[in-house]
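Reckoned from all heavy atoms, side chains included, excluding hydrogens, waters and symmetry mates.
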Amino acid sequence: MREGLFIKKNIEKWKQYQYRKANDPDEMANQFTELVNDLGYAKTFYPHSKVTTYLNGLASRIYLGIYKNKKERISRIWRFWSTELPLIVRKHHRELTIAFGIFLLFSIFAAFSAANDNSFVAGILGDDYVEMTQDNIAKGDPFGVYKDEQAFMMFVRIALNNIRVAFLTFIGGLLLSIGTSWFLLVNGVMVGAFQYYFFAKGLGWASVLVIWIHGTLEISAIVISGAAGLILGNSILFPGTKTRLNSLKLGAKDGIKVMLGIVPMLLMAALLEGFVTRHTEMPKLLSISILTVSFVFVCWYFGWYPIQVEKRQGIKKEEVKS
């Protein structure tokens with residue numbers, strides 16, 4: 001094909017690529033592929049032509065655009081976890097404290113009730129569960145329940161259940177925070193009764209070393225989902241100077257971001273429960289290490305780190321003002 005005909009055949013396409021920037025990544029990739037094909041043809045038949053130089057520059061620009069978009073997406077993800085989510089958590093530390101307080105209060109209430117009423121634990125956990133656990137204790141394997149199911153299926157079942165419970169706790173905030181408070185109450189009572197039962201059987205610390213391998217992340221995530229629910233509910237109850245609808249939109253936005261933040265925790269908790277907790281004979285040092293790492297992470301990422309991010313942001317704002 002003669003060079004003039006090649007240019008005439010493709011010039012409108014090249015102009016479109018040059019002057020109309022593609023925002024869609026797939027469209028940008030298609031443009032780049034087309035230009036590479038045209039550039040390859042030009043280099044073969046018109047290696048010293050201006051059209052070859054032109055196509056090379058145009059293809060390079062689109063390539064840099066693709067690379068920049070990819071880099072921005074990665075940067076956006078990093079910014080969410082390193083700055084955006086911690087600042088939201090810091091903004092709502094009060095709701096997080098209240099959610100933890102509700103959960104802890106009813107856990108203590110449940111333990112106290114179980115200590116004074118022999119039927120309380122069975123009433124909360126169910127007769128079947130209590131009888132099964134008693135049988136396991138008699139067999140010398142008190143935590144055998146974690147070994148009854150194939151590991152992967154157990155992981156899937158628990159992950160789905162934990163995510164369901166967490167999102168129900170969050171959505172309960174739409175009932176003016178009452179639904180969220182109820183779910184925190186129920187989960188707090190269950191944990192309190194559950195934990196007291198093992199202490200009453202002389203297996204308290206052994207249960208901590210086994211159950212809280214996964215329980216640290218799982219229960220923390222439930223409490224944090226409770227905070228997200230309170231954010232949602234309080235946005236309706238206390239709109240401040242905003243309209244109630246706008247306040248709800250902002251509260252829902254913050255709450256959803258907090259919920260996204262705990263999904264990895266719920267998945268990791270399910271992974272630990274499915275694949276690790278079942279090894280009840282593992283060395284105590286290993287169990288303590290897993291438990292400690294989980295506890296330190298939760299306290300750091302949802303407690304200390306958001307405060308530090310807020311301070312850094314404050315310093316930056318002061319530097320801009322000065």
Rounding to 0.5 Å, atoms NZ (K257) and CD (E84) come to a distance of 3.5 Å

What one should report as the nearest heavy-atom pair of P306 and P86 is CB-O, 3.1 Å

Minimum side-chain heavy-atom gap D148-M154 below 4.5 Å: no

Residues at least two apart in sequence or cross-chain that pass ring-ring contact (aromatic ring centres under 6.0 Å, His included) with F143, listed by chain then number, are F198

| task | Flag yes if V263 and V156 sit in one hydrophobic cluster, no otherwise; membership is Ile, Leu, Val, Met, Phe, Trp, Tyr, and two members link when side-chain heavy atoms are under 4.5 Å apart. | result | yes

When rounded to the nearest 0.5 Å, the distance separating CG of L271 from CZ of F152 is 10.0 Å

Output for pair (L286 CG, L291 CG), nearest 0.5 Å, gives 11.0 Å

- In terms of heavy-atom contacts, does CZ of F100 have more than 12 from other residues, nucleotides or ligands at under 6.0 Å? no

When every non-hydrogen atom of S294 is compared with those of I213, the smallest separation belongs to OG-O, 4.4 Å

Cluster membership besides V165, Ile/Leu/Val/Met/Phe/Trp/Tyr side chains within less than 4.5 angstrom, sorted by chain and number, is I222

What side-chain donor-acceptor pairs closer than 3.5 Å can you find for residues 231-242, not counting sequence neighbours?
residue : atom : partner : partner atom : Å
N234    : ND2  : L230    : O            : 3.4
S235    : OG   : L232    : O            : 2.5

Quiz item: With a 4.5 Å heavy-atom cut-off, do L85 and Y301 have their side chains touching?
Solution: yes

With sequence neighbours left out, the residues meeting ring-ring contact (aromatic ring centres under 6.0 Å, His included) with F295 are none

For the hydrophobic clusters of this structure (ILVMFWY residues joined by side-chain heavy atoms under 4.5 Å, transitively), does one cluster hold both W304 and V258? yes

Report task. Establish whether I288 and M282 are linked, either directly or via other cluster members, by ILVMFWY side-chain heavy-atom contacts under 4.5 Å. Result -> no

Original post:
Any donor-acceptor pair under 3.5 Å linking the side chain of Y146 with the backbone of I211?
Top reply: no

Query - Atom CZ of R94 with >12 non-hydrogen neighbours under 6.0 angstrom - result: no

Cluster membership besides L168, Ile/Leu/Val/Met/Phe/Trp/Tyr side chains within less than 4.5 angstrom, sorted by chain and number, is F183

One should read off an interatomic distance between D38 CG and Y54 OH, to the nearest 0.5 angstrom, of 10.5 Å

- Let me see the working for V89 and H92 under side-chain contact (heavy atoms from CB on, under 4.5 Å), right down to the final yes or no. CA-CA 5 Å; V89 171; H92 298 290; over 6 Å; no

Nearest heavy-atom approach of S82 to V309 is O-CG2, 3.8 Å

Here the pair of heavy atoms bringing V189 nearest to A110 is O-CB, 3.3 Å

Given 3.5 Å as the limit, does a donor-acceptor pair link the side chain of S225 with the main chain of F170, or not?
no

query: Does atom NZ of K9 have more than 12 heavy-atom neighbours from other groups under 6.0 Å away?
result: no

Side chains of F103 and I219 in contact at under 4.5 Å (non-hydrogen atoms): yes

So CD1 of I224 and CG of L217: to nearest 0.5 Å the spacing works out to 9.0 Å

Value for CG (L203) from CG (L209), rounded to nearest 0.5 Å, stands at 11.5 Å

**OP:** Please tell me if the side chains of Q134 and K201 come closer than 4.5 Å, counting only heavy atoms from C-beta onward.
**Re:** yes

Exercise. May I ask you to check whether over 12 heavy atoms, not counting those of N116, lie within 6.0 Å of atom CG?
Key: yes

Note to self: Would you say that Y197 contacts V130 through its side chain, given a criterion of any heavy-atom pair below 4.5 Å between the two side chains?
What the structure shows: yes

Going only through I, L, V, M, F, W and Y residues with side-chain contacts under 4.5 Å, is there a path from W300 to W81? yes

Looking only at heavy atoms, the pair that brings A114 and V121 closest together is CB-CG2, 3.7 Å

Hits for ring-ring contact (aromatic ring centres under 6.0 Å, His included) against W205, two or more places apart or cross-chain, chain-then-number order -> F199

Notebook entry, point to check: Do V145 and M132 come within less than 4.5 Å of each other through their side chains, counting heavy atoms only?
Noted result: yes

Just checking K50: does its NZ atom have more than 12 heavy atoms from other residues, nucleotides or ligands closer to it than 6.0 angstrom? no

*Counting only N and O atoms by type, is there a donor-acceptor contact under 3.5 Å from the side chain of R90 to the main-chain atoms of Q308?*
no

Here the pair of heavy atoms bringing L266 nearest to A166 is CD1-CB, 3.8 Å

Inset, instruction - Kindly assign one of parallel, tilted or perpendicular to the pair F109 and F120, based on the angle between their ring planes and the thresholds 30° and 60°. - result: perpendicular

So, S107 side chain and V191 main chain: donor-acceptor pair closer than 3.5 Å or not?
-> no

Answer yes or no: is there a side-chain heavy-atom contact under 4.5 Å between D141 and K147?
yes

| task | Verify, without hydrogens or angle tests, whether T277 (side chain) and L272 (backbone) share a donor-acceptor contact under 3.5 angstrom. | result | yes

Heavy-atom side-chain proximity of L55 to K43 below 4.5 angstrom: no

Quick check: are there more than 12 heavy atoms from other residues, nucleotides or ligands sitting under 6.0 Å from CE of M268? no

Check against side-chain contact (heavy atoms from CB on, under 4.5 Å), N161 and R164:
CA-CA 5 Å; N161 180 68; R164 180 184 65 83; 2.9 Å; yes

**OP:** Verify, without hydrogens or angle tests, whether T180 (side chain) and S177 (backbone) share a donor-acceptor contact under 3.5 angstrom.
**Re:** no

Would a single hydrophobic cluster contain both L125 and I108, if residues Ile, Leu, Val, Met, Phe, Trp and Tyr are joined by side-chain heavy-atom contacts under 4.5 Å? yes

